[in-house]
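Because the structure is predicted, anything quoted here is derived from the model rather than measured.
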Protein chains: 2
Amino acid sequence: MDPHLLRTYVTVARLASFSEAARELGYTQSAVSQHIAGLEQDLGAPLLTRRPVRPTAAGERLLEHAGPLLLRLDAARADVLRMASAPEHGLTLAVTPTALGPRTVAALPAAGVTLRALARADIPAAVATGAADLGLVDGLAAPSDPLRLPDVAPLTTCGVAEEPVCVLLPAAHPLARRPGLRLADLVDARWLDAPGAGLPLDRLHTAVGAGGVRTALRYEGTDLRTLTTLAAAGHGLTVLPHSFTTDVPGAVAVPLVAPRLVHRTELIHGGALRGPAAALAQELTERHGD
Amino acid sequence: MDPHLLRTYVTVARLASFSEAARELGYTQSAVSQHIAGLEQDLGAPLLTRRPVRPTAAGERLLEHAGPLLLRLDAARADVLRMASAPEHGLTLAVTPTALGPRTVAALPAAGVTLRALARADIPAAVATGAADLGLVDGLAAPSDPLRLPDVAPLTTCGVAEEPVCVLLPAAHPLARRPGLRLADLVDARWLDAPGAGLPLDRLHTAVGAGGVRTALRYEGTDLRTLTTLAAAGHGLTVLPHSFTTDVPGAVAVPLVAPRLVHRTELIHGGALRGPAAALAQELTERHGD
DNA sequence: GAGGTACATCAGTGTTGCTTATCGACAGTG
DNA sequence: CACTGTCGATAAGCAACACTGATGTACCTC
């Protein structure tokens with residue numbers, strides 16, 4: 001199970017071609033063929049069907065393992081390398097759109113910051129591999145409850161903010177006048193599924209049961225403005241942290257009172273914080289404590 | 001970053017000796033020395049001090065990565081190998097002491113089961129590497145909230161039981177007559193820290209703040225009877241699922257009403273369930289649903 | 001300072017892992 | 001139905017690698 005073999009395996013599976021994978025990896029087609037043969041012999045089972053090239057059942061399973069495995073490997077290498085190298089001057093911050101609340105924005109230093117918006121699931125990986133110095137992830141959680149993050153590497157997380165979550169309803173919605181909403185009131189509603197821009201709905205799923213959250217429209221972009229516009233136009237409900245629900249024309253934000261969920265933002269970083277990253281982390285965490 | 005090099009690195013670090021590690025791994029001392037040198041050259045930083053042999057700062061960091069990494073690697077190999085081999089007859093179940101509630105015990109088949117009691121953190125690893133067919137892990141969580149498990153491999157989890165948690169108090173304790181307890185009532189109390197037998201206290205930590213849960217006595221065994229005896233004798237409080245708190249002489253169990261936590265048990269398994277493992281998993285999950 | 005222990009280094013060698021070259025299987029084409 | 005191009009498997013050759021065994025060197029003990 002040499003990582004090199006694993007790497008060629010995943011590229012072969014991705015490209016569905018031995019020769020293409022060889023080109024991409026800088027090997028000859030022969031070498032790739034031998035890699036796969038070696039892996040299959042090592043594991044005692046065929047991993048790919050040939051012609052067309054497609055993973056077998058065992059191959060599918062291996063693919064599920066291989067991604068995180070190679071990611072961790074990269075993360076480990078990057079992490080140790082980072083310790084030896086000098087601290088850079090710039091500061092790169094990996095964030096989700098909804099993780100950048102007003103308080104966080106205020107804490108950013110005046111210059112020298114690069115913001116990198118990523119999907120929620122990619123932020124730990126970015127921090128682990130050193131693509132970002134710090135990460136800000138957000139999500140729904142029970143009050144003072146840590147978020148569930150994929151652990152690609154030994155990372156440190158600490159909460160930096162918690163605020164109420166609101167349901168964004170069109171102004172004309174029958175429930176828009178309510179002071180607070182229970183999720184149970186909304187079993188018949190349709191939701192906006194916007195994994196890139198909004199908050200993930202899976203937390204609502206677990207709270208209300210699998211069938212309870214039905215999605216009306218899926219938005220694959222990362223723009224919050226679009227999301228709120230869609231919500232105002234009645235294409236579906238969405239949940240957002242309170243500070244993101246002010247000034248949305250045509251829509252009303254009603255706090256979600258049950259289940260007791262908060263919008264939680266966590267700062268995540270690798271081992272040793274140095275330079276401007278340390279200062280920002282200090283700034284962000286000192287108020288919240290947690 | 002060859003896994004072989006990583007493996008010799010961790011054994012050298014563990015044994016604090018090149019020669020000892022060589023003996024354990026079946027290499028010559030020379031080979032081990034070359035492995036470490038290769039790794040250090042690859043990463044561009046010394047990983048170990050010699051005489052005495054001890055990890056450097058970068059080495060410590062690498063150690064944190066190496067364990068999970070090698071574990072995942074083993075898990076991947078075992079998982080794929082399992083798909084190719086025939087299903088065995090026996091059924092091995094990895095459990096924590098408090099995960100085996102009365103309903104779970106009732107569902108076990110009459111014969112052919114091996115129970116393996118492990119530390120909470122080792123159960124995912126055992127299931128991932130195939131040391132056990134199924135795992136039962138428990139812990140404290142918000143109602144209908146999944147547990148936080150270390151992800152060593154792509155595993156499937158599903159809830160099988162939730163029940164109230166109780167605080168076990170000596171019968172003479174001033175709060176023993178209360179119908180229910182809030183964690184806030186217990187800020188002055190001392191706790192039993194029993195990671196092997198009882199439930200982990202870290203969940204209480206997050207609920208009440210870092211300083212709020214102070215431990216009086218640490219018990220490193222895995223025997224629940226000892227734990228309840230210690231609690232009854234006033235050596236500290238402990239939290240247990242309700243069904244484990246009946247018939248404890250000299251102690252009274254009072255439900256914990258705030259924060260809203262339940263004792264949750266989850267079944268965890270690898271990819272494809274076959275043979276008796278599938279039957280048991282079916283039996284355990286069909287009632288609870290989740 | 002002699003002896004012992006423990007890690008580093010060097011030379012030698014068998015194995016591995018790659019490349020080039022060739023083959024067989026298959027699909028599209030005239 | 002042969003012709004041709006593509007794709008993966010296989011064979012042979014060669015260079016690099018990863019071991020072993022022997023030797024070197026630092027440090028600790030007595």
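In this structure, of C:dT9, C:dA6, D:dA9, it is C:dA6 that holds the atom nearest to the side chain of B:Ser19.
Rounded to whole Å, the distance from CD on A:Glu20 to C1' on D:dT6 is 12 Å. With rounding to whole Å, A:Arg50 atom CZ is found 17 Å from D:dT6 atom C1'. Atom NE2 in A:His4 sits roughly 15 Å away from atom C1' in D:dA18 (whole-Å rounding). For B:Leu15 and C:dA6, the CG to P distance is 13 Å, given to the nearest whole Å. In this structure, CG of A:Asp42 is placed 15 Å from C1' of C:dT16, rounded to the nearest angstrom. We find that CZ of A:Arg54 is positioned 16 Å from P of D:dC7, with the value rounded to whole Å. Counting to the nearest Å, the P atom of C:dG17 and the CD1 atom of A:Ile36 are 14 Å from each other.
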Report the C-alpha distance between A:Glu24 and A:Leu15 in whole Å, list the side-chain angles of each, state the deciding distance to 0.1 Å, and finish with yes or no for side-chain contact (heavy atoms from CB on, under 4.5 Å). CA-CA 10 Å; A:Glu24 179 166 321; A:Leu15 301 174; 3.5 Å; yes

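For the residue pair A:Glu60 / A:Thr56, no side-chain donor-acceptor distance below 3.5 Å is found, with atom types taken as modelled. Side-chain polar atoms of A:Thr98 and A:Asp138 form a donor-acceptor pair below 3.5 angstrom. Donor-acceptor pairing under 3.5 Å is lacking for the side chains of B:Asp133 and B:His269.
With values rounded to the nearest 0.5 angstrom, B:His35 atom NE2 is found 10.0 Å from B:Thr11 atom OG1. Here B:Leu73 contributes atom CG and A:His65 contributes atom NE2; the two are 10.5 Å apart, rounded to the nearest 0.5 Å. Rounding to the nearest 0.5 angstrom, the gap separating the OH atom in B:Tyr27 from the NE2 atom in B:His4 is 5.5 Å. The CG atom of A:Leu39 sits 9.0 Å away from atom CG of A:Asp2, with the distance rounded to the nearest 0.5 Å.
By the 6.0 Å contact criterion, CZ on B:Arg54 is open, its count of non-hydrogen atoms from other residues, nucleotides or ligands being 12 or less.
For residues 5-14 of chain A, proximity to DNA chain C is found at no residue, defined as any non-hydrogen atom under 4.0 angstrom from a strand atom.
Place B:Arg23 and B:Ala37 on DNA chain C by their nearest nucleotides, and B:Arg23 ends up nearer the 5' end.
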If a protein heavy atom is under 4.0 Å from the base, mark B; if only from the sugar-phosphate, S; if neither, -; do that for nucleotides 20-30 of chain D going 5' to 3'. BB----BS---

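As judged by a 4.0 angstrom heavy-atom cut-off over every strand, B:Val53 is placed among residues touching the sugar-phosphate backbone only.
Note on B:His35: a side-chain N or O is less than 4.0 Å away from OP1 or OP2 of D:dC19.
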